[in-house]
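Basis for what follows: all heavy atoms, side chains included, without hydrogens, waters or symmetry-related copies.
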Amino acid sequence: MKLQVSKEAAKWYKDELDLEENSPIRFYVRYGGVGGNLPGFSLGVAVQEPENKHASVIVEGVSFYVETKDAWYFEDKDLKVQMNNKLAEPAFKYTSLNK
């Protein structure tokens, strides 16, 4: 799994969550929600120190990551986090590995 976060999305998280340099952001699987990769599940977001990173990327001084225990949710997919300019918030896009 490859994790990508656009600079614009990273800036949005920094502003909305009032993050400092080197803050960690975890994307985790939660039950319920809309627009997830698998029916009945969606991604949650938490400011939380990592335990066992499966994938990570640092953008705009923020460390975004997914834990190994949540890797099942991606089923051979990459995660791209980009801004949805219409809604003025980040959007998650799941793509086949390495595309």
> Would you call Pro90 and Met83 a side-chain contact if the rule is heavy atoms closer than 4.5 Å?
Replying inline: yes
> Can you name the residues that form a side-chain contact (heavy atoms from CB on, under 4.5 Å) with Ala46, not counting sequence neighbours?
Replying inline: Tyr28, Gln48
>> Within this structure, what is the OG1-NZ distance for the pair Thr68 and Lys53, rounded to the nearest 0.5 Å?
In response: 11.0 Å
> Between Thr95 and Lys80, does a side chain to side chain contact (heavy atoms under 4.5 Å, CB included) hold up when you go through it step by step?
Replying inline: CA-CA 8 Å; Thr95 59; Lys80 292 183 181 181; 4.3 Å; yes
> Does any non-hydrogen side-chain atom of Leu3 lie less than 4.5 Å from one of Phe64?
Replying inline: yes
> Could you go step by step and tell me if Leu38 and Tyr94 meet the side chain to side chain contact (heavy atoms under 4.5 Å, CB included) rule?
Replying inline: CA-CA 10 Å; Leu38 298 172; Tyr94 305 92; over 6 Å; no
All N/O donor-acceptor pairs, side-chain side in residues 9-18, below 3.5 Å, sequence neighbours left out:
residue : atom : partner : partner atom : Å
Trp12   : NE1  : Ala88   : O            : 3.1
Lys14   : NZ   : Glu60   : O            : 3.0

> Less than 4.5 Å apart, any side-chain heavy atom of Leu79 and any of Leu43?
Replying inline: yes
> Are Val45 and Leu87 connected in the hydrophobic side-chain network, where two residues link if heavy atoms are under 4.5 Å apart?
Replying inline: no
> With side chains defined as the heavy atoms from C-beta onward, is the minimum distance between Leu19 and Ile25 less than 4.5 Å?
Replying inline: yes
> Residues two or more places apart in sequence or in another chain: which of them pass side-chain contact (heavy atoms from CB on, under 4.5 Å) with Glu51?
Replying inline: Glu67, Lys69
>> Restricting to side-chain contact (heavy atoms from CB on, under 4.5 Å), what partner residues turn up for Ile58, sequence neighbours left out?
In response: Ser63
> Any idea which heavy atoms bring Val5 and Val59 closest together, and the distance?
Replying inline: O-CG2, 3.4 Å
> Would a 4.5 Å heavy-atom cut-off, applied to side chains only, mark Val81 and Phe27 as touching?
Replying inline: yes
> Got a donor-acceptor contact below 3.5 angstrom from the Tyr65 side chain to the Pro24 backbone?
Replying inline: no
> If you measure from OG on Ser96 to CD on Glu75, what distance do you get to the nearest 0.5 Å?
Replying inline: 11.5 Å
> Taking atom CD of Glu20 as the centre, does the number of heavy atoms from other residues, nucleotides or ligands within less than 6.0 Å exceed 12?
Replying inline: no
